[in-house]
Amino acid sequence: MKHRNERLFAKAEEILGGKANGFGEPILRHLALRQYGPAMLSYACRMTSSGSRAELGRKSDTLGPVGLMYRAFRAGELNAAQNLALTYFYVGDLAGYRFWLRRAGQAGDEEAAQELRRFETRQPWPLARKIRRLRPFRRDER
């Protein structure tokens, strides 16, 4: 079953990337309902493109972006906690950002643990401009 989920996920990503014909989001939704971690994260990412707090939903909402990321974290997906942290950062919730960075570090994500030690309130990515938290890239990040 795992192999089938991976094939479907790859097909959905090809479709959404413009390399194949079809509808990719229904495939991602199907895989998310089957609790396939990478699909839950990808589907949640596609639902939070504008970065507004209203579209995030709650942890109890099983098909809302935060609910999907939380369920992926509970299922053992390593990147889910860092995705949650950055999601909270982009809506301006720095306490939630720090909380989920800590959880990601505890789960074994070294990049998140390093970011928590630095605890940056500004990020170099363009979406941070919306909440007035943009900073330029450092030399080691280019």
Side-chain angles (χ1 to χ4, degrees), residues 1-116 118 120-142:
M1 185 61 82
K2 190 80 162 172
H3 183 64
R4 180 174 182 251
N5 289 344
E6 290 171 3
R7 272 194 341 239
L8 279 173
F9 181 68
K11 182 178 180 177
E13 290 295 316
E14 283 180 5
I15 292 169
L16 292 168
K19 297 177 182 173
N21 293 328
F23 298 102
E25 285 204 24
I27 297 172
L28 285 180
R29 185 172 194 265
H30 168 75
L31 290 172
L33 287 172
R34 291 181 150 280
Q35 307 232 347
Y36 182 62
M40 286 193 279
L41 293 178
S42 180
Y43 191 55
C45 178
R46 293 185 186 285
M47 289 191 292
T48 58
S49 60
S50 73
S52 73
R53 180 75 172 189
E55 70 182 6
L56 292 182
R58 297 173 178 253
K59 281 195 297 189
S60 61
D61 181 15
T62 57
L63 283 178
V66 170
L68 283 171
M69 286 186 258
Y70 180 70
R71 285 176 42 217
F73 173 73
R74 296 291 303 235
E77 190 65 34
L78 184 62
N79 298 331
Q82 190 171 21
N83 283 9
L84 268 167
L86 288 176
T87 299
Y88 280 118
F89 175 83
Y90 289 132
V91 295
D93 184 358
L94 294 181
Y97 168 65
R98 190 171 187 149
F99 175 81
W100 283 104
L101 272 182
R102 188 175 308 112
R103 297 283 299 264
Q106 291 168 351
D109 188 350
E110 288 298 320
E111 183 181 332
Q114 183 181 20
E115 196 168 323
L116 181 63
R118 286 196 306 247
E120 297 187 50
T121 58
R122 300 192 178 278
Q123 296 291 341
W125 300 291
L127 195 53
R129 182 182 308 274
K130 282 187 173 183
I131 62 168
R132 298 184 183 107
R133 297 275 178 194
L134 184 68
R135 71 159 170 78
F137 281 101
R138 291 191 203 105
R139 285 185 189 163
D140 61 345
E141 294 175 333
R142 292 182 191 157

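Note that this is a predicted model, so its numbers are computed, not measured.
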What's the shortest heavy-atom distance between [X] and [Y], and which atoms?
X      : Y      : result
Ala112 : Ala104 : CB-CB, 3.5 Å
Phe9   : Leu31  : N-CD1, 3.5 Å
Tyr97  : Ala85  : CD1-O, 3.2 Å
Leu78  : Asp109 : CD1-N, 4.0 Å
Ala44  : Pro65  : CB-O, 3.6 Å
Ala113 : Gly105 : CB-CA, 4.0 Å

Sequence-distant partners of Phe73, ring-ring contact (aromatic ring centres under 6.0 Å, His included), two or more places apart: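 Residues passing ring-ring contact (aromatic ring centres under 6.0 Å, His included) with Phe73: Trp100.
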His30/Tyr36 under side chain to side chain contact (heavy atoms under 4.5 Å, CB included): CA gap, chis, key distance, verdict: CA-CA 9 Å; His30 168 75; Tyr36 182 62; over 6 Å; no
Listed pairs under 3.5 Å, donor-acceptor, residues 13-24 side chains, sequence neighbours left out:
{"unit_1": "Glu13", "atom_1": "OE2", "unit_2": "Ser42", "atom_2": "OG", "d": "2.9"}

In Å and rounded to the nearest 0.5 Å, what is the [atom1] to [atom2] distance from [X] to [Y]?
X     : Y     : atom1 : atom2 : value
Leu86 : Met69 : CG    : CE    : 9.5 Å
Gln82 : Thr87 : CD    : OG1   : 10.5 Å
Gln35 : Leu33 : CD    : CG    : 8.5 Å
Leu84 : Asn79 : CG    : CG    : 11.5 Å

Crowding at CD, Gln106 (>12 non-hydrogen neighbours, <6.0 Å):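 Atom CD in Gln106 is crowded, with more than 12 foreign heavy atoms closer than 6.0 Å.
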Those residues that, when tested against Glu77, pass salt bridge (charged side-chain N to carboxylate O under 4.0 Å, His left out) (two or more places apart):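 With neighbours one apart ignored, the set is empty.
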Evaluation steps, side chain to side chain contact (heavy atoms under 4.5 Å, CB included), between Leu94 and Tyr88: CA-CA 7 Å; Leu94 294 181; Tyr88 280 118; over 6 Å; no
Test side chain to side chain contact (heavy atoms under 4.5 Å, CB included) applied to Leu41 and Leu68, step by step: CA-CA 7 Å; Leu41 293 178; Leu68 283 171; over 6 Å; no
